[in-house]
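So the structure is just underneath, and the comments pick up after that.
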Amino acid sequence: GAVVSQHPSWVICKSGTSVKIECRSLDFQATTMFWYRQFPKQSLMLMATSNEGSKATYEQGVEKDKFLINHASLTLSTLTVTSAHPEDSSFYICSAREGEGIPYEQYFGPGTRLTVT
Amino acid sequence: QKEVEQDPGPLSVPEGAIVSLNCTYSNSAFQYFMWYRQYSRKGPELLMYTYSSGNKEDGRFTAQVDKSSKYISLFIRDSQPSDSATYLCAMTLSGGYNKLIFGAGTRLAVHP
């Protein structure tokens, strides 16, 4: 099956610093990648959708300048949380889809837990 | 009102029980209905999907969609401790680029 990896799996950073999270599709080319955020005991909230080579589309209420998304290749997308604050502490999950796929053919990464102190 | 409503639980059942998980939704245009299983601190994994109405069975799992009532269900037969996880329903419109709308997830604990 399709595999999506994320790195790092857990990161702790100090308030005011930036942190980068990588999302890779290991065995397929992902023309579309999605970034989600999940607070404890809550559902996944879509933050943005990125297509390879173009700017990401952000959901309403998500700050573009704070959550920088780059989808530079068909196998790699990155999410950079800039000037992180404790309220940015959350579980960040990416997913990837190959081509104009069927909606359920979206494969999720294992997630990255971000703790901002 | 949320587009997708799902009781967060927790739901605790004995091993071997039949588990019923449910979601309701408000957008009658949803066409694809998915169930994901998420273990603690892991990403979701797709369990089952259904297109439009009807039932679908896969081993111990059965997914049902009732579009007239805007209600979907996942049944787990002969539940096992390894089924203990959070179950998320998700749905979307037809078409490849439509985003998934998730329910809050129901935490299930199956005890021996």
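Numbers restart at 1 for each chain; the letters A, B, ... are given by sequence-line order, proteins then strands.
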With only heavy atoms counted, which part of E59(A) is less than 4.5 Å from chain B, the side chain, the backbone, both or neither?
side chain
Would you compute the distance between atom SG of C89(B) and atom CD1 of I72(B) and round it to the nearest 0.5 angstrom?
4.5 Å
Straight-line distance of E15(B) CD to Q80(B) CD, nearest 0.5 Å:
5.0 Å
Any Y107(A) side-chain heavy atom under 4.5 Å of E98(A) side chain:
no
Chain A heavy atoms under 4.5 Å from F33(B): which part of the residue, side chain, backbone, both or neither?
neither
Does any heavy atom of chain A fall under 4.5 Å from the side chain of R107(B), the backbone, both, or neither of them?
side chain
Nearest 0.5 Å, please: how far is CZ in R37(A) from CG in L46(A)?
13.0 Å
Chain A: which of Q6(B), M34(B), Q31(B), R41(B) shares the most heavy-atom pairs with it under 4.5 Å?
R41(B)
Contact class of P8(B) relative to chain A, heavy atoms under 4.5 angstrom:
neither
What do the steps show when you test Y36(A) against F102(B) for ring-ring contact (aromatic ring centres under 6.0 Å, His included), and what is the final call?
CA-CA 11 Å; Y36(A) 294 85; F102(B) 283 88; 5.7 Å; yes
Count the heavy-atom pairs under 4.5 Å between each of C94(A), G111(A), S43(A) and chain B, then report the option with the highest count.
S43(A)
Should the pair E5(B)-K70(B) be classified as a salt bridge under the 4.0 Å nitrogen-to-oxygen rule?
no
Closest-packed option against chain A by number of heavy-atom pairs under 4.5 Å, given G105(B), P44(B), G103(B)
P44(B)
Counting only heavy atoms closer than 4.5 Å, note whether L44(A) contacts chain B via side chain, backbone, both or neither.
both
I'd like to know whether S83(A) forms a side chain to side chain contact (heavy atoms under 4.5 Å, CB included) with H85(A), so could you lay out the CA-CA distance, the side-chain angles of the two residues, the decisive distance to 0.1 Å, and finally the verdict.
CA-CA 7 Å; S83(A) 186; H85(A) 289 93; 3.6 Å; yes
Contacting moiety of Q38(B), where chain A heavy atoms sit under 4.5 Å:
side chain
